[in-house]
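A quick write-up on the structure given underneath.
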Amino acid sequence: MAELMVRDGTWTFDGEVIRIVPGSERGVHKLRRYLGEFTVPLAAVAKIAYEPARKGGRLRLRLRDGADPLLQATGGSLPDDASPYQLAVDPGRVDVAEYFVDAVRQALTLEQIPEGPTDRYLLPGPPVPLTAAGVDGIATFDGERVHLEWRWNTSETKRQWGPRDFTLTGLEAVEWQAPSGLESGYLRFRLYGAAEQPAPDRDPNSLELWGFKKESGTTALLAAAVAVRLPHPSAGLPQARTAPTLAAAPTTGAPAALAPPAGNPPVGKAPAATASGATASGAADDHDALLRRLRELGELRRDGILTEEEFTTTKAAVLARFHAAG
């Protein structure tokens, strides 16, 4: 077994998997800390290299394309310090890093692991439930449904749509893009048949992202958690998974909403939607979801993601929905 333990984290290789544990130092990126400990099967590894520098160096693991839902969802746009597949090596641990690289390379050769892409995810993705805050809204994902709740500073376009809910059956893909310069980033949930992709600040299916560190990387983790539960982009869609049809555009002038497949709950809500057709079980689900939302808001305030003003405003909106649902 090979083990490399440095301030940036610990990597262990037992011949079958690489166990990655992020460091607890303050300089370790929050995305890596939130992701926590996880393992990479040897079958997912394409290459490993040690890159020397003036002081120490860097261990870099490259996975096969399509193996990891986090890399797939983020399109390779994670900043270097946020990548869980890089490890800063202390000067006194260079020899150990080189030994670690040799051990993994020998195993790749012996097991004849191909470097090429894979048509299925080989890593399980982040655990759920997950909550992620963007600039203008908060997303939650419980493993089956995505919920978007808008903050006080969202655009009027998004506010008209109200809170959004998407089931996995209604999603074609999830997209994540880091901010770049003056260009906003986004966490976007792409629905079937939605050809137009408005700017993130006007797209009711997106959270807008300004600063990666401010978002703490949780939006990228949520994107990965959704991606791993959708068909792999290289695998082809199962026959039973068909795209929903488009409903007629509402008279309010809002974009056309996606009509759900027969027997499935709505994948999104247009401004004119009402709860008049909700079933008793649907109302109970709404109450449970709203209660979970209140608990999540409290956790976001406790963790410093929401200010007191944002917490109070969003809590009032959630309570209003709760009373309306009753």
Side-chain angles (χ1 to χ4, degrees), residues 129-142 144-171 174 184 186-194 196-209 219 222 226 244 246-260 264-279 281-297 300 305-306 309-326:
L130 272 172
T131 297
V135 172
D136 57 354
I138 299 171
T140 56
F141 179 54
D142 61 6
E144 297 180 357
R145 185 181 296 268
V146 176
H147 177 74
L148 298 184
E149 193 83 32
W150 305 122
R151 301 172 104 167
W152 63 272
N153 60 339
T154 192
S155 66
E156 184 62 29
T157 302
K158 291 185 178 182
R159 190 175 292 111
Q160 288 178 355
W161 281 86
R164 304 282 281 156
D165 288 284
F166 313 116
T167 60
L168 291 176
T169 54
L171 289 178
V174 58
S184 294
Y186 57 83
L187 169 62
R188 172 177 287 143
F189 301 96
R190 199 171 74 225
L191 308 185
Y192 277 111
E196 182 183 0
Q197 302 294 343
D201 63 329
R202 294 184 288 104
D203 184 2
N205 303 327
S206 299
L207 291 186
E208 188 177 12
L209 310 178
T219 52
L222 192 145
V226 174
L246 286 174
T251 57
T252 58
L258 289 177
N264 284 339
V267 298
K269 296 188 291 184
T274 67
S276 58
T279 63
S281 61
D285 290 342
D286 286 344
H287 277 211
D288 290 343
L290 291 170
L291 288 172
R292 286 198 305 271
R293 188 77 189 108
L294 288 173
R295 289 195 295 269
E296 291 162 355
L297 287 173
L300 290 171
I305 296 174
L306 289 180
E309 180 183 1
E310 290 168 343
F311 169 77
T312 302
T313 303
T314 310
K315 178 182 176 182
V318 172
L319 288 174
R321 287 186 61 206
F322 182 86
H323 294 310

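All figures in this text were calculated on a predicted structure; none of them were measured in a lab. Nothing fancy with the numbering, it's 1 onward along the sequence.
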[Y] and [X], any side-chain heavy atoms less than 4.5 Å apart:
X      : Y      : answer
Leu148 : Phe189 : yes
Tyr192 : Thr169 : no
Leu171 : Leu191 : yes

Considering non-hydrogen atoms only, spot the tightest contact between [X] and [Y] and give its length.
X      : Y      : value
Glu208 : Lys158 : N-NZ, 4.1 Å
Trp152 : Arg159 : O-NH2, 3.0 Å
Arg151 : Val135 : CD-O, 3.5 Å
Ala139 : Leu187 : CB-CD2, 4.4 Å
Glu149 : Pro163 : OE2-CG, 3.7 Å
Leu207 : Gly134 : CD1-N, 3.9 Å

Q: Determine whether more than 12 heavy atoms belonging to other residues, nucleotides or ligands lie under 6.0 Å from atom CD of Glu156.
A: yes

Q | Check: Asp136 main-chain N/O paired with Trp150 side-chain donor or acceptor under 3.5 Å | A | no

Q: Verify, without hydrogens or angle tests, whether Ser155 (side chain) and Asp201 (backbone) share a donor-acceptor contact under 3.5 angstrom.
A: yes

Q. If you measure only the distance, is there a donor-acceptor pair under 3.5 Å linking the side chains of Asn205 and Arg164?
A. yes

Q) When rounded to the nearest 0.5 angstrom, what is the spacing between CG in Asp165 and OG1 in Thr140? A) 8.0 Å

Q: Starting at CG of Asp203, measure out to OG1 of Thr157 and round the result to the nearest 0.5 Å.
A: 10.0 Å

(Q) Applying ring pair (Phe, Tyr, Trp, His ring centres under 6.0 Å), can you list everything that pairs with Tyr186, at least two apart in sequence or on another chain? (A) none

